[in-house]
Amino acid sequence: MAKHKLTPQQRQTLDKQLASQSKRNPKWCVNIITDSFKRPQYFPQVARFPGDPEAHVESRSQLRKILEQRGWGAEGIVSTPYRPDPPPERYTIDPELAAFYADQEIEQRYGGKATPKLRQELIEKYQDKLSGNPPKDLTIEQVIRLDRLAE
């Protein structure tokens with residue numbers, strides 16, 4: 001078994017913990033001692049790009065902290081739950097811009113004559129169209145399918 005060098009403060013804390021625990025089970029402190037590695041280790045599974053400096057980890061607790069910050073789930077040397085990203089906010093277009101395009105369509109298709117209800121519908125149509133957002137009535141699965149078809 002490899003010996004780990006502890007700082008005096010760590011040794012003092014460990015001695016206090018060992019003194020308060022039962023002498024029958026001295027192996028309870030293994031996780032405390034083995035939390036840190038002998039030297040920083042590179043975990044390519046954590047790297048966002050080759051050579052990512054955050055992927056050089058000195059301890060399991062540092063690895064757990066990085067995974068929790070990113071919301072990544074992991075099981076193995078550390079266990080962290082997966083946290084999905086929140087859905088992105090819908091992008092909105094200035095109503096005046098949408099009204100400009102709606103007025104152009106009214107001019108071309110209806111000869112400049114339209115009811116206020118039709119004009120409002122066209123403004124909403126152009127706001128949705130120009131925003132680049134998927135239609136509101138689509139499910140997330142349908143949006144993913146559309147994205148794959150567009151590639």
K.L.:
Indicate yes or no: at least one non-hydrogen side-chain atom of I77 is less than 4.5 angstrom from one of R60.
P.N.:
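Yes; the side chains approach each other to less than 4.5 Å.
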K.L.:
A side-chain contact here means heavy atoms from C-beta on lying under 4.5 Å apart; do V78 and L67 qualify?
P.N.:
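V78 vs L67: side chains touch.
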K.L.:
How long is the span from the NZ atom in K65 to the CD atom in E68, to the nearest 0.5 Å?
P.N.:
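The distance works out to 10.0 Å.
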K.L.:
Whether the side chain of Q120 engages the backbone of P116 through a donor-acceptor N/O pair (distance < 3.5 Å, no angle test) should be reported.
P.N.:
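No; judged by distance alone, with no hydrogens or angles, the pair does not exist.
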K.L.:
Report the residues that fulfil salt bridge (Lys or Arg N to Asp or Glu O under 4.0 Å) with E54, sequence neighbours left out, ordered by chain and then residue number.
P.N.:
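E54 satisfies salt bridge (Lys or Arg N to Asp or Glu O under 4.0 Å) with R70 only.
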K.L.:
Could you grab the distance from atom CG of D128 to atom CD1 of I123, nearest 0.5 Å is fine?
P.N.:
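Separation between the atoms: 12.5 Å.
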K.L.:
Donor-acceptor check, side chain of T92 to backbone of S131, threshold 3.5 angstrom: yes or no?
P.N.:
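No; judged by distance alone, with no hydrogens or angles, the pair does not exist.
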K.L.:
To check you understand the geometry: which heavy-atom pair defines the closest contact between Q62 and E58, and what is its length?
P.N.:
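Closest pair (atom of Q62, atom of E58, distance): OE1-N, 2.9 Å.
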K.L.:
Would you say V57 and Q41 make side-chain contact, with heavy atoms under 4.5 Å?
P.N.:
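The answer is no; the side chains never approach within 4.5 Å.
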K.L.:
Check the hydrophobic clustering (I, L, V, M, F, W, Y; side-chain heavy atoms under 4.5 Å; chains of links allowed) and say if Y126 and L118 are grouped together.
P.N.:
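No, Y126 does not connect to L118 through the hydrophobic network.
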K.L.:
Within the side chain of R83, is there an N or O that forms a donor-acceptor pair under 3.5 Å with the backbone of Q69?
P.N.:
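Answer holds: yes.
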K.L.:
Side-chain contact test, heavy atoms from C-beta onward, threshold under 4.5 Å: evaluate it for V46 versus I66 and give yes or no.
P.N.:
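When only atoms from C-beta onward are counted, I66 and V46 do touch, with a gap below 4.5 Å.
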K.L.:
I'd like to know if E105 and K125 make a salt bridge, using a cut-off of under 4.0 Å between side-chain N and carboxylate O.
P.N.:
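So E105 pairs with K125 through a salt bridge.
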K.L.:
Only distances under 3.5 Å count here; give the side-chain donor-acceptor pairs of residues 95-104 to other protein atoms, sequence neighbours excluded, each with its distance to 0.1 Å.
P.N.:
| unit_1 | atom_1 | unit_2 | atom_2 | d |
| --- | --- | --- | --- | --- |
| D103 | OD1 | R119 | NE | 3.0 |
| D103 | OD1 | R119 | NH2 | 3.3 |
| D103 | OD2 | R119 | NH2 | 3.2 |

